[in-house]
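For clarity, every value in this text was computed on a predicted model and none was experimentally measured. Because only heavy atoms are used, hydrogens play no part in the values below, and waters and symmetry mates are left out as well, while side chains stay in. Letters go in sequence order (proteins before strands), and every chain restarts at 1.
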Number of protein chains: 2
Amino acid sequence: MSDAYYLHLTDRLRDLIQDPEAFEDDRLPSERVLAERFHTTRVTLRQALAQLEGEGRIHRSNRRGWFVSPPRLDYDPTRDAGFNDYVKAQGRRPRTEVLLTDTRPHPPAAEALGLPFDRPFHHIRRRRFVDDRAVLCESLWVVPERAPQLLEGDFTGSLWGQLRERWGLTLAHRSLRLYSEAIHAREAEALGVAAGTAGLSVRRTIFDEQRRPVEYDEEHWLHNALCIAVELENSV
Amino acid sequence: MSDAYYLHLTDRLRDLIQDPEAFEDDRLPSERVLAERFHTTRVTLRQALAQLEGEGRIHRSNRRGWFVSPPRLDYDPTRDAGFNDYVKAQGRRPRTEVLLTDTRPHPPAAEALGLPFDRPFHHIRRRRFVDDRAVLCESLWVVPERAPQLLEGDFTGSLWGQLRERWGLTLAHRSLRLYSEAIHAREAEALGVAAGTAGLSVRRTIFDEQRRPVEYDEEHWLHNALCIAVELENSV
DNA sequence: TTGCCCATCTGGTATATACCAAGAGTCTGG
DNA sequence: CCAGACTCTTGGTATATACCAGATGGGCAA
């Protein structure tokens with residue numbers, strides 16, 4: 001079935017977006033223009049675009065158009081080099097926006113950390129950009145006893161760094177869960193994409209050296225914005 | 001935009017597939033039947049199905065139909081508990097098929113391991129099933145000097161286990177790269193899905209304690225078949 | 001200069017329809 | 001009894017068309 005026309009279309013569009021001279025500022029021509037140029041309908045053309053989107057080569061911004069995706073960001077969720085630092089280290093421009101902070105219970109965090117359901121957490125919700133593209137929306141829930149005046153600080157930087165420096169915490173036991181998902185409405189809105197867009201979810205549960213619960217967080221990434229890269233030095 | 005009909009459809013279908021009594025053997029009614037039942041066209045219905053597919057709730061098998069997806073498999077790519085073992089431990093039925101073995105150069109493996117491009121590798125290509133559903137297609141390239149008679153063994157089990165037991169190797173330095181992808185034609189065929197289906201790619205590069213290159217492998221998983229779960233016990 | 005409105009562009013959603021190709025089961029002739 | 005052909009069902013691909021809703025930018029009015 002490789003003789004489907006939309007697959008040929010996909011190939012030709014792939015060639016097109018790999019040609020840096022094909023168009024300016026990484027924006028593809030409109031669907032209507034492309035459909036006409038390739039003598040097909042928008043419906044078929046959109047199948048080809050969806051393929052390339054799945055490959056991570058292009059992405060859409062709500063009703064603005066299709067764009068060539070930049071290279072994926074290398075990201076190691078087991079470390080906390082600080083978003084700003086590792087984005088810069090890869091020659092990109094980081095930005096962080098805090099969307100919300102409050103203190104309230106959150107049953108999923110409580111369950112992950114083994115605490116009662118009605119236990120409150122310090123909650124930070126933020127959105128992060130690479131080169132002005134929103135790529136990630138995350139929520140962090142911190143056990144208040146571990147970091148009492150947490151919410152009085154600044155959260156555009158590294159949270160783990162603060163936990164270490166301001167409260168002397170060691171983040172010794174870390175549990176990671178990672179899977180592909182469809183981005184939910186709330187996160188989709190924050191990221192400026194349609195609900196249901198392909199995403200990658202990263203959840204972390206952190207305990208300190210005394211096995212006391214410290215933090216739980218959920219990151220929702222655009223699926224084509226990142227490549228998880230982990231280096232391990234100990235034997236199996 | 002939550003008033004789009006296909007999103008309501010998605011919700012109703014989600015309810016439907018969560019009802020264990022709705023239909024037998026996890027097979028959804030045909031697209032034509034569903035479209036008629038919900039008073040819409042196949043085109044719109046397929047949008048809703050695509051949403052649920054993105055959420056990992058259903059999957060399709062070539063031209064056979066749509067099926068409710070079983071729970072994701074927990075998988076820790078940093079360990080080698082052995083596929084058969086951890087699948088069984090989660091109450092599922094594993095199976096492994098060896099598709100191909102040979103010895104030949106493979107530039108990507110050579111690059112990852114820091115070897116000359118024309119250096120040959122022992123190559124194993126296999127496909128793995130959970131409850132008779134093909135969920136994973138992988139290729140392994142092993143440095144022949146590390147495991148000379150590798151290809152004379154049996155490869156339906158744990159490769160790392162063999163490397164340790166038959167050649168006394170320690171898999172000390174492991175580099176992981178993980179990202180979402182569109183499954184390529186060859187892997188898609190092996191998995192019985194359409195090319196371009198959403199997948200998750202896991203690449204590992206392994207060195208032994210003396211930093212000698214040992215192995216490079218690529219796994220291509222159906223995106224909704226797994227949840228990466230990693231436990232880390234050392235401090236950041 | 002500034003702020004608003006509106007025309008126009010974009011992708012998003014939807015209907016109706018047609019034919020193709022592969023899977024699965026049945027029927028039939030050896 | 002079995003193999004092969006035939007048929008029916010399935011999802012896969014494709015055309016043509018229409019209208020909606022958000023983004024954008026130009027132009028006009030205060």
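When the C1' atom of C/dT15 is taken as reference, atom OH of B/Tyr6 falls 16 Å away, rounded to whole Å. Atom CZ of A/Arg42 is separated from atom P of C/dG12 by 8 Å (rounded to the nearest Å). Between B/Phe67 atom CZ and C/dG23 atom C1' the separation is 11 Å, expressed in whole Å. Atom CD of B/Gln47 is separated from atom P of C/dG11 by 16 Å (rounded to the nearest Å). For B/Leu45 and D/dG12, the CG to P distance is 12 Å, given to the nearest whole Å. With rounding to whole Å, A/Arg46 atom CZ is found 16 Å from D/dA16 atom C1'. We find that OH of A/Tyr5 is positioned 23 Å from P of C/dA18, with the value rounded to whole Å. The CH2-C1' distance, from A/Trp66 to D/dA23, rounds to 16 Å in whole Å.
The base of C/dG12 is not paired with the side chain of A/Arg60 by any donor and acceptor separated by under 3.5 Å. Judged by distance alone with a 3.5 Å cut-off, a donor-acceptor contact links the side chain of B/Arg63 to the base of C/dA21.
B/Ser30 contributes a side-chain N or O that, together with a main-chain N or O of B/Val33, makes up a donor-acceptor pair within less than 3.5 Å.
Of the candidate nucleotides C/dA14, C/dT13, C/dA16, C/dA14 has the atom nearest to the side chain of B/Thr44.
Using a cutoff of 4.0 Å between basic side-chain nitrogens and carboxylate oxygens, A/Arg104 and A/Asp102 are scored as salt-bridged. One finds no salt bridge joining A/Arg203 and A/Asp217 here, because no Lys/Arg side-chain nitrogen approaches an Asp/Glu carboxylate oxygen to under 4.0 Å.
Within residues 28-40 of chain B, the residues that place at least one heavy atom under 4.0 Å from DNA chain C are, in residue-number order, B/Arg32, B/Thr40.
Place A/Asn62 and A/Val43 on DNA chain D by their nearest nucleotides, and A/Val43 ends up nearer the 5' end.
Using a 4.5 Å cut-off on side-chain heavy atoms (C-beta onward), B/Thr197 and B/Leu191 make no contact.
Listed by first then second residue, pairs satisfying salt bridge (charged side-chain N to carboxylate O under 4.0 Å, His left out) with a partner in residues 38-51 of chain A read A/Glu31-A/Arg42, A/Glu31-A/Arg46, not counting sequence neighbours.
OP1 or OP2 of D/dG11 has not a single side-chain nitrogen or oxygen of B/Arg64 nearer than 4.0 Å.
With sequence neighbours excluded, the residues satisfying ring-ring contact (aromatic ring centres under 6.0 Å, His included) with B/Tyr86 are B/Tyr75, B/Phe83.
The side-chain contact (heavy atoms from CB on, under 4.5 Å) with B/Gln90 is formed by just one residue from the set B/Asp85, B/Asp74, B/Val130; it is B/Asp74.
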